Amino acid sequence: MCKKVEKDKSIRTRMIGMALLPILVLSLLIIFIGMALLYRLYTQSIRNELTATTNVVLDCLNLTVRGDYAYESGMLLKGDLNITDSTMLYRVQEKAQIDISIFWQDTRILSTVSNEYGVSAVGTRAGREAVEAVLERGECYYSTNLDINGVPYIGYYMPMKNADGTIVGMIFAGKKKDMVYQGIKAIMLCFLGVSIVASILAVIISSVYSSRMTSDISLINKYLKTISEGDLTVNLDKRISSRKDELGRIGEYASRMRTDLKKMIERDPLTSLYNRRSCNNRLRALEDAQTEYTVVMCDIDWFKKINDTYGHDAGDYVLVTLSGLIRENVKGCGFASRWGGEEFLLVYQLPHDAALQKVRQMQQNVREYDFTYEGKKLKVTMTFGVGADKGSVPFEQRISLADGSLYVGKNNGRNQIVDGED
C-alpha cells in the first residue's frame, strides 16, 4: 500500500515538473536573449544619438557661417568670423547629456569634457586610432573604449572639412561610460523584473492548472477504484463531468460503464426490472429506514401454454410487455422485480389499502391490453397475491405471505387478486 502511494505522488510530481520545466527553460532563454537584444539596441541607439549630434553641430557651423575653417592665435575662425564659443556646446551637453569637442587637427580647441576635478580637456589630443581613421582616411570613427582626460567615454568622431575637401579637424560627441551603463542597467533591471514576474505568474498558472488536472485524475482513479470494489452507488464528481476535454470524456465513459454495470448487476436482462438480489437490497433499505410498504407477488397465468403454442419469442414478448405495464403501475410509488420465470414481485411504498387499489388497476390494465404477436392475438391474464400487513415483520416473511396468497389464487382458478388481509 505504501509503495502505491509513493508511486501516485511520483506521477503527480512528474506531471507538474513536465509542465513547469519548459516554462522555466523558456523564461531563462527569453531573459538572456532579451537582455542581449536590449543591450545591443541600447548601444546602437547611443551610437545613433552621437552620430546625429555630431551632424547637427557640424551643420550648425557650416550653415550659419560661410567660409573655410582656420585656426589662428588660439581662435577658431570660419571665414572672417571668430567662432571660438562653447555656448552652443554646453547647451547640447546640458540638454542631451552629451559632451562635444571640436578639434583642430588632432587637438581639442573647444570641449565640454572635464575630469572629476573640473580640469577641462581642451588642449588634449585624440587617440591614435581616431586620428588614423578620421584625419588620415577621412572616415567616421566610433569607439566604446575611449579615455578622455582620465574619464572613460563612448564617442563618435566626424571629419571637419573645408570647401575644397581638406580635412582640418574633427567633431566629437560622446557620453561617459558610467552614465551609459547606468541607463543600460536601469533598462536591464526593469526588463529582468518584468520577465521574472511574468515567469512567476506563468509558473503559478501552470502549477495550478497541473495540480487541478492531477487532482481530477485522482478523482477519476478513486471513482473507478470504488466501482471495482463493487460499490455502484457512487457518483462521478461534478467537476469531472463539467470538463469539456479528454478527462471529461474519460469521466463520462467511466460513468456510462458504472451505469451499465449497475444495470447488469441489479436488473433482469430481459425485462430491465430489478432482479431478486437487488430487490432484496432495496427491501432491506426500506426496513432500515422504517418506511411503510406492501408487497405483492404476481404470476402470468398459463405462461407455459403460451410458450408451447406460440414459441419462446412470443413468451419473451409477453414478459417484456407486461414488465412495461408493471413499471408504469409502480412508477412514483414503489418498484418491481422479476422474481423468477413468469413471476414478479411488486413493492408499493403505500399502506395496504392504497396498494390494493394499485393492484386492481394493474389487473385491469393487463386484461384490457392488446397482446398481439406476429398478427396473433394472445390472451394474457395474471394472478396476484397481496401480502398481509404484519407491521414490523421482516421482508422475507412478508414475501412468504404474499406468495401464499398467490398460491391460493392459482389453486382457485387464476386471473384474480387474493388479499392476505381477508
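Quantities reported herein were computed from a predicted structural model and do not represent experimental measurements.
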Taking only residues two or more places apart in sequence, or in another chain, which ones meet Ala254 in a side chain to side chain contact (heavy atoms under 4.5 Å, CB included)?
Tyr223, Leu224
Output yes when a side-chain donor or acceptor of Asn275 lies under 3.5 Å from a complementary backbone atom of Ser278, and no otherwise.
yes
Step through the shown structure and confirm whether more than 12 heavy atoms of other residues, nucleotides or ligands are within 6.0 Å of CD on Glu368.
yes
Closest non-hydrogen atoms of Gly251 and Ile240, given as atom of the first, atom of the second and distance, are CA-CG2, 3.9 Å
Partners of Val131 by side chain to side chain contact (heavy atoms under 4.5 Å, CB included), sequence neighbours excluded?
Asp106, Ala126, Arg128, Leu135, Glu136
Stepwise side chain to side chain contact (heavy atoms under 4.5 Å, CB included) check, Met160 with Ile102
CA-CA 9 Å; Met160 187 169 66; Ile102 297 178; 4.1 Å; yes
Polar side chain donor-acceptor pair, Arg282 to Tyr274, under 3.5 angstrom:
yes
Among pairs that include at least one residue of residues 308-317, which meet side chain to side chain donor-acceptor pair (under 3.5 Å), considering only residues two or more places apart or in two chains?
Lys304-Asp308
How close do Leu146 and Ile154 get, counting heavy atoms only, and between which atoms?
CD1-C, 4.4 Å
Verdict with supporting geometry, Thr124 and Thr107, side chain to side chain contact (heavy atoms under 4.5 Å, CB included)
CA-CA 6 Å; Thr124 59; Thr107 303; over 6 Å; no
Count the heavy atoms belonging to other residues, nucleotides or ligands that lie under 6.0 Å from CG of Asp59, then report whether that count exceeds 12.
yes
What one should report as the nearest heavy-atom pair of Val393 and Glu287 is O-OE2, 3.6 Å
Assess Arg360 against Phe384: is NZ or CZ under 6.0 Å from the centre of the six-membered ring, and within 45 degrees of the ring's axis?
no
Could you go through Phe371 and Tyr373, starting from their C-alpha distance and side-chain angles, then the distance that decides it, and tell me whether this counts as ring pair (Phe, Tyr, Trp, His ring centres under 6.0 Å)?
CA-CA 7 Å; Phe371 290 88; Tyr373 180 74; over 10 Å; no
Is it true that Asp178 and Lys176 have a side-chain N and a carboxylate O under 4.0 angstrom from each other?
no
Side-chain donor-acceptor pair under 3.5 Å between Tyr153 and Asp99, yes or no?
yes
Using a strict cut-off of less than 4.0 Å between a Lys/Arg side-chain nitrogen and an Asp/Glu carboxylate oxygen, indicate whether Glu246 and Arg249 qualify as a salt bridge.
yes
Is it the case that Thr381 and Asp301 place a side-chain donor and acceptor less than 3.5 Å from each other?
yes
Is there a donor-acceptor contact under 3.5 Å linking the side chains of Ser45 and Asn48?
no
Test: Arg277 and Glu266 ion pair at under 4.0 Å
no
Going by atom types alone, do Tyr157 and Glu139 pair a side-chain donor with an acceptor below 3.5 Å?
no
Before you tell me yes or no, could you show the steps for Leu283 and Leu345 under side chain to side chain contact (heavy atoms under 4.5 Å, CB included), namely the whole-Å CA-CA distance, both residues' side-chain angles and the distance that decides it to 0.1 Å?
CA-CA 11 Å; Leu283 284 168; Leu345 182 70; 4.2 Å; yes
Any side-chain heavy atom of Ser323 within less than 4.5 Å of one from Ser272?
no
For Ile83 and Leu110 the tightest heavy-atom approach is O-CD1, 4.0 Å
Can you see which heavy atom on Leu346 is nearest to which on Ala336, and at what distance?
CD2-CB, 3.7 Å
Is Lys78 salt-bridged to Asp68, going by a charged N under 4.0 Å from an acidic O?
no
Between Thr271 and Arg338, a side-chain donor and acceptor under 3.5 Å:
no
Other residues, nucleotides, ligands: >12 heavy atoms within 6.0 Å of Arg91 CZ
no
Flag the pair Glu49 / Tyr156 as yes when at least one side-chain heavy-atom distance between them is below 4.5 Å, and no otherwise.
no
Do any pairs count as a salt bridge (Lys or Arg N to Asp or Glu O under 4.0 Å) and have a residue in residues 147-164, sequence neighbours left out, and if so which ones?
none
Tell me whether Glu374 is salt-bridged to Lys376, with the criterion being a basic N under 4.0 Å from an acidic carboxylate O.
no
Who pairs with Asn329 by side chain to side chain contact (heavy atoms under 4.5 Å, CB included), at least two apart in sequence or on another chain?
Tyr348, Lys358, Gln361, Met362
Heavy-atom check, side chain of Ile171 versus side chain of Phe103, under 4.5 Å
no
Is it true that the side chains of Ser143 and Asn145 contain a donor and an acceptor less than 3.5 Å apart?
no
Applying side chain to side chain contact (heavy atoms under 4.5 Å, CB included) to Leu189 and not counting sequence neighbours gives Lys185
So for atom NZ, which belongs to Lys238, do other residues, nucleotides or ligands contribute more than 12 heavy atoms lying within a distance under 6.0 Å?
no
Is there a side-chain contact between Trp339 and Ile399, using heavy atoms and a 4.5 Å cut-off?
yes
Donor-acceptor side-chain pairing of Ser120 and Arg108 below 3.5 angstrom:
no
Report yes if some heavy atom in the side chain of Tyr69 is under 4.5 Å from a heavy atom in the side chain of Leu61; otherwise report no.
yes
Are Phe344 and Met382 packed together at the side-chain level, in the sense that at least one heavy-atom pair is separated by less than 4.5 angstrom?
yes
Test log, rule side chain to side chain contact (heavy atoms under 4.5 Å, CB included), inputs Val380 and Ile306:
CA-CA 9 Å; Val380 179; Ile306 294 174; 4.3 Å; yes
Compare all side-chain heavy atoms of Gln97 with those of Met179 and state whether any distance is below 4.5 angstrom.
yes
Can you confirm whether Ile300 sits close enough to Val318 that some side-chain heavy atom of one is under 4.5 Å from a side-chain heavy atom of the other?
yes
Work out which heavy atom in Ala355 is nearest to a heavy atom in Leu350; give both atom names and the distance.
N-CB, 4.1 Å
Stepwise, does the side chain to side chain donor-acceptor pair (under 3.5 Å) test hold for Arg239 with Ser215?
CA-CA 10 Å; Arg239 199 170 83 186; Ser215 176; 2.9 Å; yes
